[in-house]
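Just the heavy atoms: all of them, side chains too, but no hydrogens, waters or symmetry mates, feed the values below. In what follows, chains carry the letters A, B, and so on, assigned in the order in which the sequence lines appear, proteins first and then strands, with residues in each chain numbered from 1.
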Protein chains: 2
Amino acid sequence: MDDTAVSTRESSTGRLWDTQVAGDLAFLMARANAMSLAAANAALADEGLKVRPYSVLALAAADARPTQRELSEFLRLDPSQIVALIDDLQDRGWVTREPDPQDRRVNVVAVTKAGRAAFTRARARVQRHQREHFSVLDHDEIAVLRGLLRRLARVDE
Amino acid sequence: MDDTAVSTRESSTGRLWDTQVAGDLAFLMARANAMSLAAANAALADEGLKVRPYSVLALAAADARPTQRELSEFLRLDPSQIVALIDDLQDRGWVTREPDPQDRRVNVVAVTKAGRAAFTRARARVQRHQREHFSVLDHDEIAVLRGLLRRLARVDE
DNA sequence: TATTGTTATACTCTATAACTATA
DNA sequence: TATAGTTATAGAGTATAACAATA
């Protein structure tokens, strides 16, 4: 093999993975999340969705009847961002705002028939994506990761 | 205890955690990352740093002598964003751009004495933060999580 | 008085393309 | 021709404060 005249400069970033930061959970999580988010958004692009509106649709489709305030907490977004998110899904005819009769300040987000169908399609894509994107881990490892992330993600409830 | 007249509406978001999305790795990662990022940024705020510039400083302080291109790949940021990041650290006197004599197009990022001191202070804060923020997991669980995230984060190298 | 949803706005981050200097 | 770094800019995402309706 002719690798005698290899460049002085290592062309890859391999050696950067031997540094301290590369072991920081905050760094690893940020990088893994950026990759996962990009892949998930790509998977949802054909349905004209991204992860955020998909999550709202999913909660509505699960008949969880979330209030906008609850969505704000759960998705860790400002209430003002939830407005735009729901406006968009409502414009597509996928969800509706139902005023709570017991507290007329509150809107509950409900799914429509079309919304349920859209969610079913989107969910199939997301699940296929997850299998592919996380295929570097085996079934048991994924279960372990899910459990650990779940505990971290739920910490400040 | 007087909890007989409790409200009809569950005030917490607990029930949302029983839905399908709450098990999606993409969702869990996004949420766990958002929490971790906010905590890490808060930990670094006293040093006038955020996670991004801290990561650049860390790689320079590790004497990895990264090029701007390598930083771009490693941090998953556009090359144009690296410019501003390094400008800022350079203005503080913490890093310098050293032109590579072998390829004068290339800048290598090197740490200064002051930069090394700043990094030492910042690193102590970050490590303290990590211990606190991830304290819901025990030592072994953290090691497992780090290993799994590392494999995911390194996938497309 | 406090809270839900809403609007407006400013700020940060991100993505893209074009430019320069070197190779 | 191709690549490293830079600049400019538009778009997306985020954070904050103030407001109306209701509690």
Side-chain angles (χ1 to χ4, degrees), chain A residues 7-13 30-31 33-35 37-38 41-42 44-45 48-56 65-91 95-110, chain B residues 5 7-13 30-31 33-35 37-38 41-42 44-45 48-53 55-56 65-91 95-110:
Chain A
S7 158
T8 310
R9 168 159 305 291
E10 182 64 34
S11 65
S12 89
T13 55
R31 200 174 201 276
N33 178 56
M35 294 166 66
L37 181 68
N41 279 336
L44 286 165
L49 280 169
K50 291 191 168 194
V51 167
R52 295 276 172 72
Y54 167 78
S55 302
V56 173
R65 300 184 66 75
T67 69
Q68 297 191 194
R69 222 69 194 188
E70 288 170 335
L71 289 172
S72 167
E73 280 181 46
F74 193 65
L75 303 178
R76 296 186 72 83
L77 297 174
D78 192 88
S80 65
Q81 295 179 250
I82 302 294
V83 175
L85 226 39
I86 299 181
D87 282 351
D88 177 52
L89 290 171
Q90 202 170 37
D91 289 347
V95 304
T96 55
R97 284 174 166 94
E98 296 187 358
D100 183 338
Q102 294 179 288
D103 182 342
R104 283 163 32 229
R105 292 172 304 178
V106 172
N107 286 336
V108 144
V109 179
Chain B
S7 158
T8 310
R9 167 159 306 289
E10 182 64 35
S11 64
S12 89
T13 55
R31 199 174 202 276
N33 178 55
M35 295 167 67
L37 181 67
N41 279 336
L44 286 165
L49 280 169
K50 291 192 169 192
V51 167
R52 295 277 172 72
S55 302
V56 173
R65 298 184 66 76
T67 69
Q68 296 191 197
R69 223 70 195 189
E70 289 170 334
L71 289 172
S72 166
E73 280 180 48
F74 193 64
L75 303 178
R76 296 186 73 85
L77 296 173
D78 191 87
S80 64
Q81 296 179 249
I82 302 294
V83 175
L85 227 39
I86 300 182
D87 282 351
D88 177 51
L89 290 171
Q90 204 168 36
D91 289 347
V95 304
T96 56
R97 284 173 166 96
E98 297 187 358
D100 183 337
Q102 294 179 289
D103 182 343
R104 282 158 38 224
R105 292 172 306 180
V106 172
N107 287 336
V108 144
V109 179

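When rounded to the nearest whole Å, the span between CD of B/Glu73 and P of D/dT3 equals 12 Å. Between A/Leu75 atom CG and D/dA15 atom C1' there is a gap of 17 Å when expressed in whole angstrom units. Between B/Arg97 atom CZ and D/dT6 atom C1' the separation is 9 Å, expressed in whole Å. Spacing between atom CD1 of B/Ile86 and atom C1' of D/dA4 amounts to 12 Å, rounded to whole angstrom units. In this structure, the CD atom of A/Glu98 is 13 Å from the P atom of C/dG5, given to the nearest Å. Atom CG of B/Asn107 is separated from atom C1' of D/dT3 by 13 Å (rounded to the nearest Å). Distance CG (B/Leu77) to C1' (D/dG13): 15 Å, rounded to an integer number of Å. Note: CG (B/Leu71) to P (D/dA4) measures 13 Å, nearest angstrom.
One N or O on the side chain of B/Asn41 and one on the backbone of B/Val51 form a donor-acceptor pair closer than 3.5 Å.
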Side chain to side chain contact (heavy atoms under 4.5 Å, CB included) between B/Arg97 and B/Asp87, worked out: CA-CA 9 Å; B/Arg97 284 173 166 96; B/Asp87 282 351; 3.0 Å; yes
Would you tabulate the nitrogen or oxygen pairs shorter than 3.5 Å linking the protein to nucleotides 18-23 of chain D?
residue: D/dA23; atom: OP1; partner: A/Arg104; partner atom: N; Å: 3.0

What's touching nucleotides 7-13 of chain C from the protein side, N or O pairs under 3.5 Å?
residue: C/dC13; atom: OP1; partner: B/Lys50; partner atom: NZ; Å: 3.2

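At a cut-off of 3.5 angstrom, the base of C/dG5 holds at least one donor-acceptor pair with the side chain of A/Arg69.
Between atom CG of residue A/Leu89 and atom CG of residue A/Leu49 there is a gap of 7.0 Å, rounded to the nearest 0.5 Å. Note: B/Asn107 CG to B/Ile82 CD1 = 12.5 Å, rounded to the nearest 0.5 Å. To the nearest 0.5 Å, the span separating NZ on A/Lys50 from OG on A/Ser55 amounts to 13.0 Å. To the nearest 0.5 Å, the span separating CZ on B/Arg52 from CG on B/Leu44 amounts to 13.0 Å. Taking CZ from B/Arg69 and OG1 from B/Thr67, the interatomic distance works out to 8.5 Å, rounded to the nearest 0.5 Å. Note: B/Met35 CE to A/Arg76 CZ = 5.0 Å, rounded to the nearest 0.5 Å.
The closest side-chain heavy-atom distance from A/Leu71 to A/Ile86 is below 4.5 Å.
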